[in-house]
Novice: 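Supplied in structure tokens, the structure appears directly below.
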Number of protein chains: 2
Amino acid sequence: MFELDLRSRAPVYEQLVEKIKELIIYNVLKPDQQLPAVRVLAGELTINPNTIQKAYRELEHRGYIYSVPGKGSFVKPAVPGNNTARLRALEDELAKIVSEMLYLGVTPQEIITRIKMQLPEDEGGKRDD
Amino acid sequence: MFELDLRSRAPVYEQLVEKIKELIIYNVLKPDQQLPAVRVLAGELTINPNTIQKAYRELEHRGYIYSVPGKGSFVKPAVPGNNTARLRALEDELAKIVSEMLYLGVTPQEIITRIKMQLPEDEGGKRDD
DNA sequence: TTAACCGTACTAACCTATATAGTACGGTTA
DNA sequence: TAACCGTACTATATAGGTTAGTACGGTTAA
């Protein structure tokens with residue numbers, strides 16, 4: 001499914017949260033798609049099942065997945081208009097990144113260009129949806 | 001100078017790194033401006049000088065400040081065109097944030113609008129340089 | 001030159017967070 | 001029933017963060 005960097009100083013469960021979150025927002029994992037079982041993923045990554053569960057618990061707490069005892073864990077469909085708190089946090093991060101790019105000498109035009117390349121329905125960049 | 005969240009799970013020295021980095025990229029701390037002495041800042045924040053030093057060491061390692069024994073620590077002027085590695089990391093982060101905004105239902109037009117508000121030499125947003 | 005700063009380095013101790021191992025329970029499904 | 005699923009719990013070992021204290025060399029102004 002993905003790889004981990006065990007030499008990293010970042011906790012394994014946090015790396016898991018980030019990786020899975022990316023797979024969700026990049027639409028690699030589709031809404032309501034089932035995630036690997038805790039024990040299965042633990043076996044594949046050769047880490048402890050408790051660590052997987054901690055990551056899943058965190059992902060559920062952040063609203064990216066939902067778990068059903070006896071059935072499995074699944075990707076939670078996003079509800080547009082919800083998560084205003086998360087959106088505010090994202091805008092803060094965005095502002096910080098843009099500021100640092102300006103600080104590093106990137107021109108405003110270049111910044112706009114780079115971002116438009118990430119967006120759908122535009123020439124110059126396509127998303128694999 | 002700023003405040004810390006001692007209840008946060010994030011390490012104090014990492015919070016320090018982030019806060020000071022923000023002050024630098026937002027141009028609140030000007031190039032070659034002297035930072036508070038290790039012991040002074042430790043006194044103001046009522047934390048251990050070792051923790052401040054750890055943050056300063058990390059900031060120096062990341063290229064945001066430079067320290068001179070006997071004199072002090074200072075804001076390192078940015079060199080445009082340098083730090084291509086950091087720029088690549090920023091673009092990755094940017095792509096992730098844009099993807100999550102799309103995932104949360106923000107339209108591409110709105111994303112562009114929000115970013116343009118962060119940029120100088122445009123109506124609708126100003127930077128305090 | 002002395003005194004007061006500056007960054008830096010080091011040890012020791014404490015505490016929390018992380019990760020592992022093992023066991024167990026209830027719900028689901030073929 | 002058997003084999004899965006998520007979940008919970010204890011215990012243990014280790015790593016990282018923080019504090020405390022001490023110390024050293026460079027800088028600067030009195």
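Per chain, numbering begins at 1; letters A, B, ... match sequence-line order.
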Novice: How far apart are the C-alpha atoms of A:Gln15 and A:Ser8, what are their side-chain angles, what is the distance that settles it, and do they pass the side chain to side chain contact (heavy atoms under 4.5 Å, CB included) test?
Specialist: CA-CA 9 Å; A:Gln15 293 185 47; A:Ser8 168; 3.6 Å; yes
Novice: Do A:Lys54 and A:Glu58 meet the salt-bridge criterion of a basic N to acidic O distance under 4.0 Å?
Specialist: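 Result for this pair is no, no salt bridge flagged.
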Novice: Respond yes when some side-chain nitrogen or oxygen of B:Tyr13 is under 4.0 Å from OP1 or OP2 of D:dG17, and no when none is.
Specialist: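 Yes.
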Novice: Return the nucleotide paired to C:dA17: Watson-Crick means purine N1 to pyrimidine N3 with N6-O4 or O6-N4, wobble means G-U with N1-O2 and O6-N3, both under 3.5 Å.
Specialist: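 C:dA17 is paired, partner D:dT14.
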Novice: Using OP1 and OP2 only, check whether a side-chain N or O of B:Lys54 sits under 4.0 Å from D:dG17.
Specialist: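 So the side chain of B:Lys54 is within the cut-off, an N or O lying under 4.0 Å from OP1 or OP2 of D:dG17.
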Novice: On DNA chain D, nearest-nucleotide positions of B:Val12 versus A:Arg57: which is more 5'?
Specialist: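 It is A:Arg57, whose closest nucleotide lies nearer the 5' terminus.
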Novice: Check whether any side-chain nitrogen or oxygen of B:Thr51 sits under 4.0 Å from OP1 or OP2 of D:dG17, and answer yes or no.
Specialist: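 No, because none of the side-chain N or O atoms of B:Thr51 sits under 4.0 Å from OP1 or OP2 of D:dG17.
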Novice: Can you identify which nucleotide, out of D:dC5, C:dC6, C:dT18, has its nearest atom closest to the A:Glu14 side chain?
Specialist: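 The nucleotide sitting nearest to the side chain is C:dT18.
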Novice: Nearest of C:dC6, C:dG7, D:dT18 to any side-chain atom of B:Tyr56?
Specialist: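 For B:Tyr56, the side-chain atoms sit closest to C:dG7.
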Novice: Look at all strands and tell whether B:Gln15 reaches a base, only sugar-phosphate, or nothing, counting heavy atoms closer than 4.0 Å.
Specialist: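 Result for B:Gln15 = nothing.
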Novice: Do B:Arg39 side-chain and C:dG7 base share a donor-acceptor contact under 3.5 Å?
Specialist: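 Yes.
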Novice: So which nucleotide from C:dT20, D:dA20, C:dC6 ends up closest to the side chain of B:Asn48?
Specialist: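 For the B:Asn48 side chain, the nearest candidate turns out to be D:dA20.
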Novice: So what does A:Gln34 touch, heavy atoms closer than 4.0 Å: a base, only the sugar-phosphate, or nothing?
Specialist: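 The residue A:Gln34 makes no contact with any strand.
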Novice: In whole angstrom, what separates A:Glu60's CD from D:dA8's P?
Specialist: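 About 10 Å, once rounded to whole Å.
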Novice: Does B:Tyr26 form a side chain to side chain contact (heavy atoms under 4.5 Å, CB included) with A:Lys96? I'd like the steps, not just the answer.
Specialist: CA-CA 8 Å; B:Tyr26 286 142; A:Lys96 204 184 299 181; 3.9 Å; yes
Novice: Could you state the atom-to-atom distance from NE2 of B:His61 to C1' of C:dT8 in whole Å?
Specialist: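 Distance check: B:His61 NE2 to C:dT8 C1' gives 17 Å.
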Novice: Would you name the heavy atoms of B:Ser67 and B:Glu60 that are closest together and state the gap between them?
Specialist: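 Nearest heavy atoms, B:Ser67 then B:Glu60: N-OE2, 3.2 Å.
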Novice: Rounding to an integer number of Å, can you tell me how far B:Tyr66 OH sits from C:dC6 P?
Specialist: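 Whole-Å distance recorded here is 16 Å.
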Novice: How many whole angstroms separate atom CG of A:Asp5 from atom P of C:dT18?
Specialist: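 Between P of C:dT18 and CG of A:Asp5: 17 Å.
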Novice: Figure out the CD/P separation between B:Gln53 and D:dG17, and round it to whole Å.
Specialist: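 Spelled out: CD on B:Gln53 to P on D:dG17 is 15 Å.
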Novice: Quick one: B:Ile52 CD1 to D:dA20 P, roughly how many Å, whole number?
Specialist: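 Nearest whole value for this atom pair: 13 Å.
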Novice: C:dC6, OP1 or OP2 - any side-chain N/O from B:Ser73 closer than 4.0 Å?
Specialist: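 Indeed not, no polar side-chain atom of B:Ser73 lies that close.
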Novice: Using purine N1 to pyrimidine N3 plus N6-O4 or O6-N4 for Watson-Crick, or N1-O2 and O6-N3 for G-U wobble, each under 3.5 Å, what pairs with C:dT28?
Specialist: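 D:dA3 is the nucleotide pairing with C:dT28.
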Novice: Looking at A:Lys71, I'd like to know whether one of its side-chain N or O atoms comes within less than 4.0 Å of OP1 or OP2 on C:dT29.
Specialist: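 Looking at the OP1 and OP2 atoms of C:dT29, one of them is under 4.0 Å from a side-chain N or O of A:Lys71.
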Novice: Between B:Asn50 and A:Val68, which is nearer to the 5' end of DNA chain C once each is assigned its nearest nucleotide?
Specialist: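 Whichever sits nearer the 5' end wins; that is B:Asn50.
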Novice: To the nearest 0.5 Å, what is the distance between CD on A:Glu93 and CD1 on A:Ile97?
Specialist: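 Here the interatomic distance stands at 6.5 Å.
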Novice: If I take atom CZ from residue B:Arg86 and atom OH from residue B:Tyr64, how far apart are they, to the nearest 0.5 angstrom?
Specialist: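 Reported value, rounded in 0.5 Å steps: 4.0 Å.
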Novice: Nearest to the side chain of B:Ala37, which nucleotide is it out of D:dG6, C:dG7, C:dT8?
Specialist: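 It is C:dG7.
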Novice: Specify the separation, in whole Å, of atom CZ of B:Arg9 and atom C1' of C:dT18.
Specialist: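 Roughly 16 Å, once rounded to whole Å.
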